[in-house]
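What follows is a single structure, written as structure tokens, with notes after it.
Throughout, a chain's letter reflects where its sequence line sits, starting with A, and its residues are numbered from 1.
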Amino acid sequence: MNTVQALLFAIHREANQPVRLMEVCGGHTHAIRKFGIPGLLPDTVSLLSGPGCPVCVTHTGFIDQAIHLAQNYPVIITTFGDLIRVPGSGQSLETARAGGADIRIVLSPLQALSLAETERSKQVVFLGIGFETTAPSVAATILTALERRIENFSVLSAHKIMPPAMAALVNHQPNLDGFICPGHVSTITGSGIYEFLSRDHGIPCVISGFEAPDILESILLLIRQINNHQPKVEIQYKRAVKPEGNMKALEIMHEVFVLHDDWWRGMGIIPNSGLVPGGRYAGFDTLQRFSLPEFPDTDNRGCRCGDILRGLITPPECSLYGKTCTPESPAGACMVSSEGTCQAFYRYQN
Amino acid sequence: MKDKILLAHGSGGRMTRELIRELFQPYLHNQYLDKESDAAILKQLSGKIAVSTDAFVVNPVIFPGGDIGKLAICGTINDLAVSGAKPHSITASFILEEGLRKTELEQIVASMSSEIKNLDIALIAADTKVVPSGLCDKIYITTTGIGTVIPGLEQVSTGKGIQAGDRIILSGTIGDHGAAIFCARYPEDILTTIVSDCACLYPLIEKISSFGTGIRFMRDPTRGGLATVLCEVAENQDWGLTIKENLIPVRNEVAGLCDLVGLDPLYLANEGKFIMVAAESISNEVLTALRSHPLGKNACEIGVVTRENPGRVILETPIGGTRLLTMLSGDPLPRIC
């Protein structure tokens with residue numbers, strides 16, 4: 001029997017009561033669907049997808065703000081590819097680009113900084129999206145910008161941190177039995193940030209890797225914690241995650257960013273859940289350089305991304321899914337990003 | 001500015017002739033082009049004639065493993081070859097952007113010439129235009145290929161003879177071209193070089209041309225990748241396809257890049273691979289023949305035609321799960337983390 005078969009055998013033998021497990025990382029959502037894991041699990045194990053895709057939890061007002069900036073100021077907007085097709089309230093960055101706005105895809109914030117170095121006459125704005133995984137690299141870029149005195153670079157930040165959202169989920173999702181905790185985020189943060197979930201809320205947590213045996217082993221570890229009534233934080237992804245995390249990355253992140261109350265799509269404002277450049281780095285916050293209006297969060301009519309992000313429904317339960325909302329013509333962000341739950345369902349129809 | 005293409009090079013006058021003499025003729029001259037007439041006159045071809053046309057735009061125009069010139073010859077010749085045709089001749093029309101460096105153009109023309117010579121075909125007609133800077137991305141090339149259909153292979157372009165039990169064969173690793181272009185576009189961030197698989201497939205397909213009607217279908221999975229071709233061929237049919245994901249060869253560096261940036265090799269473009277459906281009775285011999293050529297050394301069987309799941313492509317994952325394979329939707333976008 002190979003590892004996968006052995007894990008599946010154990011899961012089928014030990015999952016003797018219904019359990020609802022949630023993953024909060026887009027990489028896991030994608031991998032679970034790609035490997036066809038749901039079809040191999042017993043009926044007692046339900047997998048839910050939470051707010052693990054950074055693009056998906058970003059509100060439409062952020063896109064509107066970026067477009068407003070691109071259309072009204074002589075700026076170059078730089079962005080990760082995922083964001084380009086996300087619908088704002090009126091248009092997306094992609095349609096704004098087709099209309100003449102200077103919007104460019106980059107693979108890293110450093111690429112945006114290089115652009116600022118060569119295009120000194122223009123302001124280069126980087127759209128900062130992502131959790132603890134990406135925030136340190138953006139922080140490091142800001143440190144480099146300061147060091148090299150590149151003053152035409154700034155970050156429009158929608159960076160977020162994961163624990164406050166997980167706390168909000170537990171408060172609104174009483175039927176949640178365990179978290180498959182994010183692998184990449186945890187390489188930075190370590191395992192301590194989840195302790196309050198098992199200690200205060202009795203929710204088992206396992207930090208998982210991204211290969212099929214990793215995910216299956218994490219599911220098995222969660223089932224065992226549930227069966228033994230011993231909720232705790234375990235690291236399955238030991239080859240990448242240390243309990244203390246990446247101290248250097250955390251230090252840089254805390255040096256550059258300060259916490260603020262941030263808006264999460266589908267979840268509303270969550271206290272102290274967002275990151276913006278602060279202190280001596282506040283000048284790198286795009287909002288400090290330009291006077292931009294606030295745009296409200298306005299989801300497309302009928303779009304239920306919000307409910308999907310909270311694990312309340314699965315994508316096929318949304319009336320737009322696969323009909324008016326497809327990857328070619330997305331109504332909501334969850335269908336745009338390769339990490340989005342709707343796109344994972346659509347692409348890997350199990 | 002002597003080293004750059006100017007608008008006047010496309011005027012049709014003296015400078016156009018100079019450009020042709022300086023950069024095109026040394027590489028591409030032959031009995032057809034040397035006549036400098038408005039049309040090539042071909043001798044009668046025997047059998048059924050296959051014609052294919054394709055426009056080529058790529059950024060960057062020169063990439064590891066090839067350039068837009070090689071691509072423009074291979075792309076059109078491959079469309080003929082997977083339609084069961086022996087290539088005979090090709091035409092090319094060039095749209096050049098004002099300001100294009102002549103050295104780049106020369107490299108592109110030289111690699112076209114090299115592919116044409118290797119295939120022993122003729123470039124029978126050509127044209128050049130120049131557009132103002134900013135109106136095209138360095139160079140666009142359109143080629144049209146003409147070939148004669150090999151008797152016994154008339155069915156391979158439509159796949160009408162496919163039936164349950166037939167085997168699905170892939171000529172080699174997937175995703176190499178798409179991954180190569182991706183790396184070439186982001187040299188600062190992706191510090192690795194992946195070589196495109198850009199190649200003319202005819203010499204490989206010639207190896208299996210004698211199998212005749214046992215070869216049911218052939219196609220080269222270019223834009224949209226392997227997944228999209230499989231979905232296209234199965235659409236509206238009364239049979240389905242079952243593919244085993246762990247049998248699909250992917251080079252380690254391509255798989256690594258895809259993991260890193262969130263792309264899927266199943267949807268990446270290929271420019272030197274083809275898939276075929278072959279009768280079960282000949283599939284082993286076909287594989288042996290393919291593997292005897294360097295372009296087919298990684299050829300393998302990746303799946304089977306089934307009575308079940310008509311019209312659908314089922315992918316069996318390495319851990320035994322199944323999922324439905326769907327066509328490429330939108331552009332593949334690199335993800336955040």
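- A distance of 10.0 Å separates CG in B:L325 from CZ in A:R347, rounded to the nearest 0.5 Å.
- Within a 6.0 Å radius of CG in A:D43, no more than 12 heavy atoms belonging to other residues, nucleotides or ligands are found.
- Taking OH of A:Y348 as the reference point, atom OG1 of B:T326 lies at 9.0 Å (rounded to 0.5 Å).
- Residue-environment remark: CZ (B:R251) exceeds the threshold of 12 foreign heavy atoms within 6.0 Å.
- No more than 12 heavy atoms of other residues, nucleotides or ligands shown are found within 6.0 angstrom of CZ on B:R223.
- No part of B:E316 comes within reach of chain A, as not one of its non-hydrogen atoms sits under 4.5 angstrom from that chain.
- At a threshold of 4.5 Å between non-hydrogen side-chain atoms, the residues B:I319 and A:I37 count as touching.
- Annotation: maximal heavy-atom pairing with chain B below 4.5 Å, among A:S114, A:C25, A:C53, occurs at A:S114.
- Looking only at heavy-atom pairs under 4.5 Å with chain B, the residue among A:S108, A:A212, A:S329 that has the most is A:S108.
- Interface residue A:Y346: backbone and side-chain heavy atoms are both found under 4.5 Å from chain B.
- Between A:K34 and B:D264 there is no salt bridge, since no side-chain N of the basic residue sits under 4.0 Å from a carboxylate O of the acidic one.
- With values rounded to the nearest 0.5 angstrom, B:F182 atom CZ is found 4.5 Å from A:L107 atom CG.
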